[in-house]
Number of protein chains: 2
Amino acid sequence: MRTSDLIGDLVSVNHRLTRLAAAATDNAESPAVWRTLSVLRDLGPMRLGELARVSRVSQPTMTKLVHALGDRGWVRRIPDADDARAWLISTDPRGLAALAAWREELAGALAPTFDDLDDAERAVLAQAVDILRSRLERADQPARATQPAASA
Amino acid sequence: MRTSDLIGDLVSVNHRLTRLAAAATDNAESPAVWRTLSVLRDLGPMRLGELARVSRVSQPTMTKLVHALGDRGWVRRIPDADDARAWLISTDPRGLAALAAWREELAGALAPTFDDLDDAERAVLAQAVDILRSRLERADQPARATQPAASA
DNA sequence: AGGTTCGCATAGCCCAACTATATAGCCGTG
DNA sequence: CACGGCTATATAGTTGGGCTATGCGAACCT
């Protein structure tokens, strides 16, 4: 299979899975909330602008998101001691708890669709997640401009 | 790994991939357009309401989408001979061409991220797509109420 | 010290998604 | 065969995430 067809199929099935996930929970929260919390959980505290680049949204969008998350107590905005303009954004334990709860709810809602996976299929999906994650993180590197990649 | 964690990771990485895809092309079209065309291409012509259920959007949302697609000549609205209220929605060759062009553009934009996949990784991703597709289609069955599943 | 660049905030827009409701055609029943 | 109820799509109006353009203050660099 050509790589370009694979990418097309991947993104298409992705969009359908996204809709299924959105429809499966009557949850009021948006993907943006969980995406942001996941990024912070996986990559640690970072500045607002960097968070925007890694999340692939514009800086104003991230400003709104972080404010909304801060109002709910799900993230903390820590003044950057080195730069009075900047903030470090960090998860709050309540945010991580909310994220975990959402994952549980989602898994429960999608269980009827996926609970007949056998071990081999689970392994394939887990590997696919790892592959995608590695490529996404590499694609994030240019966005995390703080530490320039040490060219070997 | 617990299935619920797997599902959470899958959806999370999904959301990040969606953002990457959205940011990668300066494309003006929305995911909804390509999702709808993909469904019609894969499953064939169907009524508007059924298309809405399979696409996991509300019927009014699909009405707007189909009108927009019809205006661009990307789908055809065929009066249902059996029911004057209903339409059969079908892809137009121009819609399929647009879909193919988008897939090419997307693949080109994401190539830098994915062109170092080796054969084993490509195979894993292709299998993952198949697994997800099969489960999504099974989840669609209740939505395609027209032909009741022939219980063996 | 002054101009430029950088980091975040604000303003205003667009569009996809939703709910609620309207319109119109089918269908069964007395 | 008229009428009530259901079904299929359309319309109205709202919400909310995303964007671009721009403002404002802090940092940086001559």
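Sequence lines set the chain letters: A, B, ... in the order given, protein chains first and strands last, and positions in each chain run from 1.
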- Item | With B:Thr91 via side chain to side chain donor-acceptor pair (under 3.5 Å) - residues at least two apart | none
- Query: Rounded to whole angstroms, how far apart are CG on A:Asp80 and C1' on C:dG7?
  - Reply: 10 Å
- For atom NE2 of A:His15 and atom P of C:dA16, their distance in whole Å: 13 Å
- Rounded to whole Å, CG of B:Leu51 lies from P of D:dA10 at a distance of 12 Å
- Task: Enumerate the residues from residues 66-77 of chain B whose closest heavy atom to DNA chain C is under 4.0 Å, giving them by residue number; use none for an empty result.
- Result: none
- Length of the CE-P vector between B:Met62 and C:dA16, whole Å: 12 Å
- Item | B:Thr63, nearest nucleotide to its side chain (from C:dT19, D:dT9, C:dA9) | D:dT9
- 5' to 3', nucleotides 1-7 of chain D under a 4.0 Å protein heavy-atom cut-off (B base, S sugar-phosphate only, - none) gives ------B
- Could you tell me which residues satisfy side-chain contact (heavy atoms from CB on, under 4.5 Å) with B:Asp5, sequence neighbours excluded, listed by chain and number? A:Arg103, B:Met1, B:Arg2
- Which residues share a side chain to side chain donor-acceptor pair (under 3.5 Å) with B:Ser90, sequence neighbours left out: none
Output a table of nitrogen or oxygen pairs between the protein and nucleotides 15-18 of chain D separated by less than 3.5 Å.
from	atom 1	to	atom 2	distance (Å)
D:dG18	OP1	A:Arg35	NH2	2.7
D:dG18	O3'	B:Arg19	NH2	3.3
D:dG18	O6	A:Lys64	NZ	3.1

- Contact list for residues 70-99 of chain B, test ring-ring contact (aromatic ring centres under 6.0 Å, His included), sequence neighbours left out: B:Trp34-B:Trp74
- Task: Can you sort out the partners of B:Arg19 under side chain to side chain donor-acceptor pair (under 3.5 Å), two or more places apart, ordered by chain and number?
- Result: none
- Item | Residues clustering with A:Ile78 (ILVMFWY side chains joined when closer than 4.5 Å, directly or via others) | A:Leu88
- Roughly how many Å is it from CG in B:Leu88 to P in D:dA8, rounded to a whole number? 12 Å
Ignoring hydrogens and angles, write down the donor-acceptor pairs under 3.5 Å from the side chains of residues 118-127 of chain B, residues two or more places apart or on other chains.
from	atom 1	to	atom 2	distance (Å)
B:Asp118	OD1	B:Ala120	N	3.0
B:Asp118	OD1	B:Glu121	N	2.7
B:Asp119	OD1	B:Arg122	NH2	2.6
B:Glu121	OE1	A:Arg135	NH2	3.1
B:Glu121	OE1	B:Asp118	N	3.0
B:Arg122	NH1	A:Thr3	OG1	3.3
B:Arg122	NH1	B:Leu117	O	3.4

- Message: The criterion is side-chain contact (heavy atoms from CB on, under 4.5 Å); which residues satisfy it with A:Ser134, sequence neighbours excluded?
- Response: none
- Item | Between D:dT22 (P) and A:Gln59 (CD): distance, integer Å | 15 Å
- Taking a hydrophobic cluster as the set of Ile, Leu, Val, Met, Phe, Trp and Tyr residues connected by side-chain heavy atoms closer than 4.5 Å, whether directly or through intermediates, do A:Leu43 and A:Val66 fall within one such cluster? yes
- Set of side chain to side chain donor-acceptor pair (under 3.5 Å) partners for B:Thr63, sequence neighbours left out: B:Gln59
- So if you build clusters from Ile, Leu, Val, Met, Phe, Trp, Tyr with side-chain heavy-atom gaps below 4.5 Å, do A:Val33 and A:Leu96 land together? no
- Note on the structure: Here the distance between atom P of C:dG25 and atom CG of B:Leu48, to the nearest Å, is 17 Å
